[in-house]
Amino acid sequence: MLTLASASGNAFAYAWAPFDRASEWARILCPRLGLDGLFVLQPPAGDGGPWVLEHWDADGGATFCSNGTRAALAVEGAPGGDLVAARSNGEDVLLRRHGGEVGIRMPDGPGTGFRDLPPALAEAAGPGHAFGWIGNPQLVLERRGVAGLDLPALARPLRHHPALPGGTNVNAVEILAPGQARIRSFERGVEGETRCCGTGCAVAGAWLASRTGIPVWRLETLDDPVQVAVRLEGPHWRDLWLSGPVRVLGTHAPDPALLS
Ligand SMILES: N[C@H](CCC[C@H](N)C(=O)O)C(=O)O
């Protein structure tokens with residue numbers, strides 16, 4: 001039996017390990033159930049070890065996902081207040097639940113951070129962009145009128161730009177007031193707009209903080225807002241926390257006949 005849960009409308013199925021053929025199940029179940037990915041959860045092997053999570057996108061590709069990692073804490077039913085260590089697609093994170101909200105401290109080790117885009121893609125993205133990597137690639141574009149933007153038309157050529165093999169997620173962000181912005185996200189793997197992409201929000205929040213000196217940002221998504229708080233050390237982010245509501249949506253019994 002799978003549990004379905006979401007973080008700001010980014011929705012996932014959760015299975016307990018062992019769970020075979022997870023990549024195939026992700027491709028089958030996500031379109032049928034309107035989900036963005038599938039997680040397999042494994043509790044700590046002994047005292048003090050991390051929870052181990054593996055996520056597959058709707059296209060069956062394995063990739064780090066911060067919103068799904070947050071919502072996993074609702075599925076696990078962890079007590080509020082405690083810091084919970086998790087290794088999510090190989091990335092070490094901390095989670096903390098306060099009532100219906102879960103925060104995740106994003107990975108900040110080597111390999112994460114802002115990166116320069118290949119020149120051809122930087123030119124296509126235009127002025128006012130940032131590119132960051134936290135277990136997956138996130139392009140953030142500053143645009144006016146984000147609520148009414150034709151996001152797929154903006155995102156698709158950048159998502160698949162030949163200068164970046166593997167492609168990127170694409171987010172459009174607009175500052176609404178000091179410490180408040182609107183964001184919309186077009187996700188690789190889902191190949192469409194999702195209601196919220198946590199990693200995109202985290203990169204966008206870190207970028208806004210580095211530009212403005214304001215360390216805490218409330219980001220309006222298509223669903224519940226999220227909060228991003230960060231401490232910057234030069235170009236590096238530290239203590240990058242993404243927080244917001246998570247919800248258990250229900251359960252689903254997958255039909256083995258679908259895996260023919
Ligand atoms: N929705 C996810 C990120 C999925 C990233 C995936 N679309 C990729 O390109 O690897 C999040 O909240 O962090």
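Counting convention: from 1, in listed order, for ligands and their atoms alike. Worth knowing before you read on, the calculation uses all heavy atoms, side chains too, and leaves out hydrogens, waters and symmetry mates.
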So which protein heavy atom does atom 5 (C) of ligand 1 come closest to, and at what separation?
N136 ND2, 3.4 Å

Which one holds for N10 and ligand 1: side chain close, backbone close, both close, or neither close, with close meaning a heavy atom under 4.0 Å?
side chain

Per-atom contacts, ligand 1 versus N67 - under 4.0 Å to a heavy atom
11 (C), 12 (O), 13 (O)

Going by an N to O cut-off under 4.0 Å, is there a salt bridge joining R159 and E191?
yes

Nearest 0.5 Å please: distance from the SG atom of C65 over to the CD atom of E91.
12.0 Å

Note: ligand 1 atoms sitting under 4.0 Å from heavy atoms of T63 are 6 (C), 8 (C), 10 (O)

What I want to find out is whether R211 reaches E142 closely enough, with some N-O distance under 4.0 Å, to be called a salt bridge.
yes

For ligand 1, is there an N or O atom under 3.5 Å from any N or O atom of G198?
yes

Quick test: of every protein heavy atom, which one is nearest to atom 7 (N) of ligand 1, and how far off is it to 0.1 Å?
R188 O, 2.7 Å

Carefully, step by step, assess D224 and R247 under the rule salt bridge (charged side-chain N to carboxylate O under 4.0 Å, His left out).
CA-CA 11 Å; D224 292 319; R247 288 193 177 79; 2.6 Å; yes

Does R156 have any side-chain hydrogen bond (donor to acceptor under 3.5 Å, both in side chains) partners at least two apart in sequence or in another chain, and if so, which?
none

Close-contact set for ligand 1 against C197 heavy atoms, below 4.0 Å
1 (N), 2 (C), 3 (C), 11 (C), 12 (O)

Ligand 1 to H55 polar contact by distance, N or O atoms, under 3.5 Å:
no

Quick check on the hydrophobic clustering: are V173 and L117 connected, directly or via other members, by side-chain heavy-atom contacts under 4.5 Å?
no

Heavy-atom donor-acceptor pair, E174 side chain to G145 backbone, under 3.5 Å
yes

Identify, by atom number and element, the atoms of ligand 1 in contact range of S66, meaning under 4.0 Å from any of its heavy atoms.
11 (C), 12 (O), 13 (O)

In terms of relative ring orientation, are F12 and F39 parallel, tilted or perpendicular, with 30° and 60° separating the classes?
perpendicular

Atom 2 (C) of ligand 1: which protein heavy atom is closest, and how many Å away?
C65 SG, 3.1 Å

Heavy-atom proximity to atom 8 (C) of ligand 1, picking from N169, I104, D36, T199, points to N169

So if I count the atoms of ligand 1 from 1 in the order they appear, which ones are less than 4.0 Å from some heavy atom of D57?
6 (C), 7 (N), 8 (C), 10 (O)

Start with the C-alpha gap between T3 and T251, add the side-chain angles, then the distance that decides, and say whether side chain to side chain donor-acceptor pair (under 3.5 Å) holds.
CA-CA 4 Å; T3 301; T251 56; over 6 Å; no

Just distances here: any N/O of E187 and N/O of ligand 1 closer than 3.5 Å?
yes

